[in-house]
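Below: the structure, in structure tokens.
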Protein chains: 2
Amino acid sequence: MPLPKKRVDALHLNEQLCFTLYSTVHLLNRTYRPLLEKLGLTYPQYLAMLVLWEEDDVTVKALGERLLLDSGTLTPLLKRLESAGLVKRERDVLDERQVRIRLTTSGRGLRAKAECVPPSILEASGSSLEELQDLKARVLAIREALSSRLEQEPPPAPASKRRKTG
Amino acid sequence: MPLPKKRVDALHLNEQLCFTLYSTVHLLNRTYRPLLEKLGLTYPQYLAMLVLWEEDDVTVKALGERLLLDSGTLTPLLKRLESAGLVKRERDVLDERQVRIRLTTSGRGLRAKAECVPPSILEASGSSLEELQDLKARVLAIREALSSRLEQEPPPAPASKRRKTG
DNA sequence: CCCAGGTCCATTGCGCGCAATGGAATCGCG
DNA sequence: CGCGATTCCATTGCGCGCAATGGACCTGGG
């Protein structure tokens with residue numbers, strides 16, 4: 001046998017964890033969609049509401065740090081939540097650069113209807129809570145590795161200001 | 001301690017595997033971006049090229065089944081690959097409903113430059129190949145559960161044609 | 001007090017993903 | 001053979017994600 005395949009081809013689609021994660025996230029989104037439609041939310045909007053249900057009255061920046069999203073994504077998303085009557089967006093009085101996001105009564109009320117979502121997803125996953133918790137921890141480790149790497153390397157640094165490694 | 005938290009709140013963002021997967025996929029995309037920029041590809045375009053490097057001359061439908069994407073996503077993506085000179089898109093002569101995607105010489109040649117991508121990602125993940133293979137298998141199990149569920153349930157069936165459960 | 005630098009949000013442009021719709025080609029049943 | 005059903009791809013509309021840019025605001029050194 002003169003090796004019919006070139007070892008374990010790293011460029012083979014089905015070998016790649018990344019593709020598995022990528023396609024699984026899309027299937028998860030499709031699974032969430034009919035559940036969240038009843039709440040009038042998309043999945044990223046649902047994530048923003050999760051943060052607000054935990055801690056009301058947060059800035060766009062703080063929201064972005066929790067969700068790992070930037071203002072280019074959040075600004076239009078929050079405007080849609082506002083026009084849906086779920087949140088209010090107001091400039092901070094003490095620091096007008098910031099915009100504070102606050103739940104409306106309607107937004108707070110939506111939480112009760114959201115409580116049936118996680119159990120439905122758990123069931124659809126076909127896995128146990130323990131398995132999912134274990135997976136979460138392992139994937140988190142990868143996310144942290146990617147995250148710390150992305151924070152350091154990219155700065156092409158125009159010049160001057162070498163305060164990190166100097 | 002009168003339980004300061006309400007058990008293990010399923011609506012808590014950081015409890016959810018789904019958010020971990022969602023945010024990790026975005027970080028992966030950001031990690032791939034500078035690597036793939038050298039090839040002139042986005043991540044979904046890279047995935048399509050992976051399939052074509054495995055098996056040239058495939059239909060849009062076959063590509064969609066491998067990548068779990070539909071024509072609404074693939075048609076414009078493939079047009080961009082075509083205008084980049086990497087593939088050709090031609091109607092099948094025997095069945096003109098189908099469009100066959102074939103690599104150009106330039107598209108085949110890009111494979112060599114792509115070989116450095118998987119090792120870079122492996123390193124950035126901070127994990128061993130064994131750990132990633134194990135994760136892949138576990139996430140695949142969830143993907144299969146979601147997939148089989150999505151295939152059955154949704155048909156709202158206008159009427160008639162009850163061939164599955166009838 | 002002034003203003004250079006930094007922070008925070010908004011905007012723009014592009015490429016997905018996907019639901020929904022439509023048109024052209026093919027298939028299959030009578 | 002004829003015609004309704006099905007298959008396959010293209011198009012449209014919308015909501016992300018994100019890089020890049022810009023503007024308003026704040027802060028700190030002089």
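Every chain is numbered from 1, with letters handed out A, B, ... down the list of sequences. Values reported hereafter were calculated over all heavy atoms of this structure, with side chains retained and with hydrogens, waters and symmetry mates removed.
Under 3.5 Å, the side chains of B:R143 and A:S23 contain a donor-acceptor pair of N or O atoms.
At the heavy-atom level, A:L94 lies under 4.0 Å from the strands shown only through sugar-phosphate atoms. Across all strands, B:L69 comes closer than 4.0 Å only to sugar-phosphate atoms, never to a base (heavy-atom distances). Note on A:R89: only backbone sugar-phosphate atoms sit closer than 4.0 angstrom, heavy atoms only; bases stay farther off.
Between the P atom of D:dC18 and the CG atom of B:L28 lies a distance of 11 Å, rounded to the nearest Å. Nucleotide D:dG15 holds its P atom 12 Å from the CD atom of A:E37, rounded to whole Å. Spacing between atom CG of A:L77 and atom P of C:dT11 amounts to 14 Å, rounded to whole angstrom units. Atom CD in B:E96 sits about 12 Å away from atom C1' in D:dC8, given to the nearest Å. When rounded to the nearest whole Å, the span between CG of B:D92 and P of C:dA25 equals 13 Å. Rounded to whole Å, atom P of D:dC16 lies 13 Å from atom CG of A:L63. Between B:L74 atom CG and C:dC18 atom C1' the separation is 11 Å, expressed in whole Å. If you take NZ of A:K61 and C1' of D:dC25, they are 15 Å apart, rounded to a whole angstrom.
Of the two residues near DNA chain C, A:L78 and A:L27, the one whose nearest nucleotide lies more 5' is A:L78. Across the interface with DNA chain C, nearest-nucleotide mapping of A:V99 and A:N29 shows A:V99 to be the residue nearer the 5′ end. Residue-to-nucleotide proximity on DNA chain D shows that, of A:D70 and B:T73, the 5′-proximal contact is made by B:T73.
Out of D:dA19, D:dC26, D:dG17, the shortest distance to the side chain of B:R33 is found at D:dA19. Looking at the side chain of A:T59, the nearest of the listed nucleotides C:dC16, C:dA19, C:dC9 is C:dC9. Checked against D:dC18, C:dG17, D:dA24, the side chain of A:R97 finds its nearest nucleotide in D:dA24. The side chain of A:D95 lies closest to D:dC26 when the candidates are C:dG17, D:dC26, D:dC18.
Proximity of B:R30 to the phosphate of D:dC18: a side-chain N or O atom is located under 4.0 Å from OP1 or OP2. In this structure, A:K79 does not reach the D:dC16 phosphate: none of its side-chain N or O atoms is under 4.0 Å from OP1 or OP2. Contact annotation: B:T75 side-chain N/O to D:dA10 OP1/OP2 distance is under 4.0 Å. At the phosphate of C:dT26, neither OP1 nor OP2 sits under 4.0 Å from any side-chain N or O atom of B:Q98. Phosphate contact (OP1/OP2 of C:dT11, side-chain N/O of A:S71, threshold under 4.0 Å): absent. Contact annotation: A:Y22 does not reach the phosphate of C:dC16 (side-chain N/O to OP1 or OP2, under 4.0 Å). A close approach under 4.0 Å does occur between a side-chain nitrogen or oxygen of A:R80 and OP1 or OP2 of D:dC16. A sub-4.0 Å separation between OP1 or OP2 of C:dC16 and a side-chain N or O of B:T42 is present.
The distance from the CG atom of A:L110 to the CG atom of A:L103 is 9.5 Å, given to the nearest 0.5 Å.
The side-chain heavy atoms of B:E131 and A:R138, taken from C-beta on, include a pair separated by under 4.5 Å.
The backbone N or O of A:G85 lies less than 3.5 Å from a partner atom in the side chain of A:T104, making a donor-acceptor pair.
A salt bridge does not link B:R66 to B:E55: none of the charged nitrogens lies less than 4.0 Å from a carboxylate oxygen.
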### Task
In sequence, state the C-alpha distance, the side-chain angles, and the governing distance for A:R80 and A:T42, and then conclude on side-chain contact (heavy atoms from CB on, under 4.5 Å).
CA-CA 10 Å; A:R80 280 185 283 270; A:T42 64; over 6 Å; no
